[in-house]
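In what follows, a structure is listed as structure tokens, so that the remarks can point back to it.
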Amino acid sequence: MNHHTPPIILERILAFFLHPDHASLLGDMAEEFAWNAEKRSPLQASLIYFYQGVRLIPLIIYNTIIWSGIMLQNYFLITARIMKRYKGFTAINLLGLAASMSICLLIILFMKEQINYEQFHSKRERIYRAVSTIHWQLSGNTSSFATSPASLSDILQEEFPDVENAVKIYETGNSIVYNNTSFPVRCIFTEPEYFQIFDFPLQQGDPAQALENPGNIILSLTTAEKFFPDDDALGKLITLEGIGEFVVAGVLADPPGKSHLSFDAIAAYSTLAGLTQFQKTFTAWEKNFFSSYNYFLLREGASRDNLDAQLASIHKRHFSRENRNYKLDNLRSEALLDINLGEVHGNMLGRPTPSIMVYIFLALGTLIMLTACFNYMSLSIARSLKRAREVGMRKVMGAHRSQIIRQFLSESFFTAILSLGLAILFLNWLIPGFNSLWGVVDLNVQIQFDFFQDWDVYLYFFLFSLFIGLIAGFYPAIYLSGFLPVKVLKGLKTNKGFSGLTLRKLLTISQFSLSLIFVISSIVIFRQSNHILEADYGFNTEAMIALNLQNTNYEVFKNELASNPDIAQITGTNLMPLSGQISVVTIQPGEEKQSVNATTYRVDHNFLESLGLTLLTGRTFSEDISSDQKNKIIVNESAVKEWGLGDPYSAIGQTFLNISDSLMLEVIGVVKNYNINLATRNVDPIMLVNDPARINFAMVYVMPGKTAQVTDALEKVWQKLDPIHPIRYVPFGGETIGFLRSIFRDIIYISGLTGLLAVIIASLGLLAMTSYSIENRLKEVGIRKVLGASVVSVVVLLSRDFVKLLLISIVIATPIAWMLNNFWLQEMAQQITIDLPLILLGIVPVLLIGVIAVVSQTLRAALDNPINTLRHE
Amino acid sequence: MEIISRMEEVLLLAVWKLQQDAYGLAIRQHVSELLGKELSVGAVYIPLERLAKRGFLQTRESEPTAIRGGRRKRFYTLTQEGMNALVTVKKIHETAWGELPDISLEY
């Protein structure tokens, strides 16, 4: 008989929510629906059905609460038992998830800090700054700058009523001197409006008054404590080096949140107008453009489009003047909230975080977590044979598939939550490690996290772990709950259907290849960063102490030390070689010839001998010939070649015109090429000028074994010549080496850690695959052993396939690692060679870990007594 | 001995009355007719299940039928305890009603 059936969707929904015990109720409803459809109409029947369904909601809620409580308890009990029984697997699962999770937690913390940037300003939505685009006349390039002409905010405030408030900021880098101690500070000059627009609280002083009078300065809490550790800073007189004396008129409190505007000192803008050295600065916008910033507050409801239009019109009327080097292409607004993680400009004020960092972190986190989840899946499925009977039994006892799914899901949730605990423990070590990275310190993105205070973060962590539990446990739950009781209880192998084996092999190979690349690269970077210090750059760096002379005169300094018997040589230069800083002078070879750029070093007459540079031809500077100073130059081989001077011999005697000071320069010697740049092998054309008056760095060559005595003497002389500034030694290679080494150290940390993590994850994956395949071959192993196979031969047989995967990874990874590393090594002035021992150093540990993962499983199977596997046949 | 509620009494009586035909839908229709108002499925099912749990009713499931979407009917039959509970309630009723003085005399 044909009959009406209830709307399928409604019935499905009800079936989903109702406890399976209530199937007969749905039957009743279906029957009633059929009657109603006959007697009245299908539509009316549907409405009645729907109405009945709605009235079932209390029943559903009631059932859900009762049953979920009972079942949750049961699920956790079973989970705890399973974990106890399979301790090894549980430990591996926990470790794998926790290791990856801790990285992700770090990323979550990082993101949270980044999102909270500038959030403490109450008017944050209405604050903008001006951003300019500069067009470079010579190269034709354009670049954007966070700076803008200083007069912009006055013009804007005058002409545009929508601007409620505006503030100018002028940035200088200075040192503060107080009581004969000096510290470099990040200092800005700004107007009192600064505190009306931004919500920086003052611990001491009145925000409305503090920046009103010229000569006032506000210090940050840290700076105030540095100079006045146990004294009140307010009212003290300090000196901003090169600018003048200032009265401390306020102390900033620690800001309530992060802001890109974080400075050590804020001085009154009105001071600048009264200073002679700044008088020129504000006569034309080109003179202050590169260090002035303009921030403004729009009125409530004002539109940003109008602001941009206004800026464009102001640009056209006031700032369209072009000069030889550049012109201002346009002015536009940038919202305060877009500054952090936003566009990158030149001359950034403060230290906003570049957005690329967030994307890299997100991608890294996702990749790590996905691989970890995939490993959890493989491990769970590898154990499926062990769990199959349990599933069969549950089904026979009347469990529904949904209940079994919930059982397995609760296991993965439980595992994820436990891993979270472990991961938070790992954070303890990760956060200090992350914070000490040079890049992190430099960008001011250190994570401040108090494990016992920032409770809100734990909620994110918890949600994250639940999400991971779901991702990791979903597929195993579906897969394991699909077993047919009849088959599994009879002992038939049902899981032949898991066909992802090829995929998993590929995954394992790629995981191991990646690990190898990371590990080998870490070793290469480590070796190279050490090598930089020991390498031969073509000049003498041994037993040399370099000093930054600061304001002390070189000749005076040299005379003080002239009679010291422990010192072999003293020479000097305006810029340290290899420091990364260069000074370029434009010179013209002849009247109608093209001018060239010369990297110029202003040195003492004995520079060549002291550094051990080889003179190819001509002569070196002489102290006795007074015309040698300023007018004679020594060039290097590159200069001879690139400036078209023919060969070194014909170069002697040629003359150049220094365009900036109109001095004629005559070549008296040609020096062999030496490295002046760490990061590249190319040697730029160099000219050396004997110009002791402009020397900034002294290089003191010490007699063998006398370093301590010389250091002592240097300290004494320094104390005498400059009691205010502490002596500043310059590490070999100057700041650049420090910078390079910091970057190398960061990369070693990150790639080393990633490599370690990748090895762990890859090994877990391999472990899972091995153990899965062995589960399926237990009987085969039993039969082989009964027939007389030895343990070793069985282990070899079982491990062979997997060790093969490892070997394939090595074959793939080694050339890639070699190529990748050579790619960047080539750019270095002095490089190590990637040889076999180095590569083996990377391969062996990874291979060993992989083999241990495989053999640990195969050995267990091989040692098993055949009786255990064959008894039931 | 616990005393069952009025709704439970009505349901037990319905099961008794319907005999071999006492399953959810039939009981609900019978009771709805008796009380003169449409009852929701839940309102009938929860008390029926509770009565079965307390031992006043026994359940038995039929073969699935097509009209029910392949689901079984759940039939209820009265147990001895159920019978006893009904008798007790009836006795209490009779005693309670029988001991009343004539209503009209009150005025």
Side-chain angles (χ1 to χ4, degrees), chain A residues 1-40 42 44-67 70 398 400-402, chain B residues 5 7-8 10-12 14-15 17-78:
Chain A
M1 188 187 101
N2 209 354
H3 57 80
H4 297 274
T5 52
I8 188 95
I9 298 171
L10 280 179
E11 200 173 30
R12 283 265 170 87
I13 292 173
L14 284 177
F16 178 78
F17 282 111
L18 271 179
H19 195 262
D21 283 356
H22 286 294
S24 63
L25 192 156
L26 281 180
D28 281 3
M29 286 174 69
E31 197 176 329
E32 190 186 20
F33 179 89
W35 287 356
N36 283 337
E38 285 279 306
K39 271 194 284 177
R40 305 180 193 180
Q44 267 180 318
S46 299
L47 286 176
I48 293 170
Y49 191 87
F50 180 74
Y51 180 53
Q52 289 286 11
V54 171
R55 285 168 84 182
L56 270 175
I57 290 174
L59 173 73
I60 290 168
I61 292 172
Y62 169 84
N63 269 326
T64 316
I65 291 170
I66 296 286
W67 279 105
I70 294 170
H400 276 255
R401 187 168 181 186
S402 66
Chain B
S5 71
M7 186 62 192
E8 287 168 335
V10 170
L11 286 171
L12 286 182
V15 171
K17 170 93 195 288
L18 293 169
Q19 293 288 325
Q20 296 302 309
D21 210 22
Y23 72 102
L25 182 58
I27 296 169
R28 189 159 61 85
Q29 281 177 336
H30 178 78
V31 175
S32 298
E33 239 166 73
L34 189 73
L35 300 181
K37 65 170 186 180
E38 180 74 18
L39 291 175
S40 80
V41 246
V44 176
Y45 249 86
I46 294 175
L48 274 176
E49 288 293 307
R50 203 182 298 136
L51 285 169
K53 209 170 163 192
R54 278 156 73 185
F56 297 139
L57 290 175
Q58 236 175 13
T59 61
R60 139 185 89 79
E61 306 229 321
S62 75
E63 284 307 304
T65 59
I67 195 169
R68 299 172 58 82
R71 296 181 191 87
R72 298 165 193 277
K73 276 182 191 172
R74 177 176 277 206
F75 285 104
Y76 297 89
T77 40
L78 214 52

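First the proteins, then the strands, lettered A, B, ... as listed; each starts at 1.
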[X] atom [atom1], neighbour heavy-atom count above 12 within 6.0 Å:
X: B:Q20; atom1: CD; value: no
X: A:I70; atom1: CD1; value: yes
X: B:E33; atom1: CD; value: no

For A:D28 against B:L25, the heavy-atom pair lying closest together:
OD2-N, 2.9 Å
Taking every non-hydrogen atom, the tightest pair across B:S40 and A:Q52:
CA-OE1, 3.5 Å
Cut-off 4.5 Å, heavy atoms of chain A, and the answer for B:L39 is backbone
Is it the backbone or the side chain of B:R72 that comes under 4.5 Å from a heavy atom of chain A, or both, or neither?
backbone
A:L56 versus chain B, the contacting section by heavy-atom distance below 4.5 Å:
side chain
Quick one about A:Y51 and B:E38 (side-chain donor to acceptor, distance below 3.5 Å, no hydrogens or angles considered), yes or no?
no
Going by salt bridge (Lys or Arg N to Asp or Glu O under 4.0 Å), name the residues that satisfy it together with A:R401, two or more places apart in sequence or in a different chain.
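Salt bridge (Lys or Arg N to Asp or Glu O under 4.0 Å) list for A:R401, sorted by chain: empty.
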